[in-house]
Amino acid sequence: MIENGRESKALKDKVVSLLKSKGNDLTELYEQADHIRKVHMGDEVYIRGIIEFSNICNNDCLYCGIRASNHLVNRYTMTLDEILAVAREMPLRQQTTVVLQSGETPGINDREIGNIIKMIKAETSLAVTVSVGNRPREIYRYWQECGMDRYFLRFETSDPVLFARLHPDCTLYERLDCLYALKELGVQTGSGFMIGLPGETLGTLADNILLCRDLDLDMIGIGPFIPHPDTPLADEKNAYAGEEEMFFKALAVLRLFNPDAHIPATTAFDAVFPGEGRNLALKRGANVFMPNNTPVEYRKDYLLYPGKPCIDESAQECSSCVLSRIESIGRKIGLGPGHSVKMHRGKK
Ligand code: SAM
Ligand code: FES
């Protein structure tokens, strides 16, 4: 990330020092993040159901379990009818957004993705988020015309050298150009990063948080890097191995610097802290939950990292579990679509 002068250096130092919080300071950091979440985003937790509709990918991101070179993966693409059948049931489970996610080159083309968006919009009340990787601006525009409300594309790391080492197929600047195109089109734009990629420092983590702020994102998804055994990073460790509290610190500091962005309690938090990671994330800055709606027969084939939770549960079981988790921490289910708070305030 580009530094511009003394002010940004001071800001980065401030973020690094918050990330080093311990004892009472750490308790205060979490309380402050929760307070800011409450003031800016309210007590509602929005439920966005994710459908991992294809694991086919031409890319070879070094960390990713479904990368093209992992020949141990059984590849699948859901049919249009299968996707629609799942989407139709989502509003019955208090899910107001569908997130359509896949590898970078799913087994269906961009026009077919457009048709799926159109059909979901015609048949359901769902807001539609798409997350299928880098595309030219014209394709994002076409999907927007089909009814796409939001797009989610992580920049993964703000360090261009680290990004290049991990992504043989694109540069950080190409990824950022996609995000600028989406923002310019007026699509609600989400991005984020992995916490603890091998080679990252606290300075990188601070830059990641500040890049989210600079991009003025509508949604921000972050989660710990978890080494996958069938990838080139199998023997690498998370940069914060042994100090996993850093994952929550990153989330809390992210909230302080992005008060009015939607921030999900991502699944990877549960992989590191089974049964409680996502609850803790909701208490430390997050305001969105994303239950898995992928049909059970496909879930085991969308293992981005080991230990991914809920791979044997049905969408109905996941949904009931999510609702009780939200109620157990005294929060409410968000009833509307949970669109961008920034857009509603006419900032864009
Ligand atoms: N192809 C789309 C894209 O690249 O945006 C969406 C699918 S991609 C698999 C979704 C996210 O999974 C990535 O943005 C990355 O941050 C995360 N991911 C992949 N491998 C991971 C790992 N080993 N540990 C943690 N997160 C991982
Ligand atoms: Fe393609 Fe991960 S490398 S989705």
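In each ligand, atom 1 is the first atom listed, and ligand 1 is the first ligand listed.
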Worksheet item: Going through the distances and angles, do Arg135 and Asp110 end up as a salt bridge (charged side-chain N to carboxylate O under 4.0 Å, His left out)?
Response: CA-CA 9 Å; Arg135 287 294 190 283; Asp110 291 343; 3.0 Å; yes
Worksheet, complete the sentence: Within a distance under 2.8 Å of atom 1 (Fe) of ligand 2, the protein atoms of type N, O or S are Cys57 SG
Worksheet item: Going by the side-chain hydrogen bond (donor to acceptor under 3.5 Å, both in side chains) test, which pairs reach into residues 24-33, not counting sequence neighbours?
Response: Tyr30-Glu245
May I ask you to decide if [Y]'s main-chain N or O and [X]'s side chain share a donor-acceptor pair within less than 3.5 Å?
{"X": "Asn293", "Y": "Pro291", "answer": "yes"}
{"X": "Ser191", "Y": "Leu153", "answer": "yes"}
{"X": "Asp43", "Y": "Arg331", "answer": "no"}
{"X": "Gln144", "Y": "Leu185", "answer": "yes"}
{"X": "Asn208", "Y": "Ser158", "answer": "yes"}

What protein heavy atom sits nearest [atom], and how far away is it?
{"atom": "atom 5 (O) of ligand 1", "answer": "Leu153 CD1, 3.8 Å"}
{"atom": "atom 18 (N) of ligand 1", "answer": "Met194 SD, 4.1 Å"}
{"atom": "atom 9 (C) of ligand 1", "answer": "Leu304 CD2, 3.3 Å"}
{"atom": "atom 4 (O) of ligand 1", "answer": "Glu104 OE1, 3.7 Å"}

Quick one: which ligand 1 atoms are inside 4.0 Å of a heavy atom on [X]?
{"X": "Phe225", "answer": "24 (N), 25 (C)"}
{"X": "Glu156", "answer": "13 (C), 14 (O), 15 (C), 16 (O)"}
{"X": "Arg154", "answer": "14 (O), 15 (C), 16 (O), 17 (C)"}

Worksheet item: Just going by heavy-atom distances, which of Ser102, Gly65, Cys57 is nearest to atom 2 (C) of ligand 1?
Response: Ser102
Practice prompt. Using heavy-atom distances, let me know which of Tyr63, Phe193, Phe152 sits nearest atom 21 (C) of ligand 1.
Written response: Tyr63
Under 4.0 Å from ligand 1, counting heavy atoms only, is it the side chain of [X], its backbone, both or neither?
{"X": "His228", "result": "neither"}
{"X": "Pro224", "result": "backbone"}
{"X": "Tyr302", "result": "side chain"}

Worksheet item: With under 30° as parallel and over 60° as perpendicular, where do the rings of Tyr151 and Trp143 fit, or are they tilted in between?
Response: parallel
Item to complete: Establish, yes or no, whether the cationic atom of Arg137 lies under 6.0 Å from the six-membered ring centre of Tyr180 and within 45° of the ring axis.
Response: no
Discussion item. Could you tell me if Arg213 sits above the aromatic ring of Phe257, with its cationic atom closer than 6.0 Å to the ring centre and no more than 45 degrees from the axis?
Written reply: no
Worksheet entry | Phe225 and Tyr63 aromatic centres sub-6.0 Å | no
Worksheet entry | Phe269 and Phe248 aromatic centres sub-6.0 Å | yes
Practice prompt. Examine Gln101 against ligand 1 and note whether any of their N/O atoms are separated by less than 3.5 Å.
Written response: no
Discussion item. For Asp159, run the side chain to side chain contact (heavy atoms under 4.5 Å, CB included) check against Leu197, Thr204, Leu166 and tell me which one passes.
Written reply: Thr204
Worksheet item: Heavy atom of Gly103 under 4.0 Å from ligand 1?
Response: yes
Discussion item. I'd like to know whether ligand 1 has Ser131 as a neighbour, heavy-atom separation below 4.0 Å.
Written reply: yes
Worksheet item: Is there a side-chain contact between Thr129 and Arg48, using heavy atoms and a 4.5 Å cut-off?
Response: no
Item to complete: Would you verify that at least one protein heavy atom lies under 4.0 Å from atom 23 (N) of ligand 1, or report that none does?
Response: yes
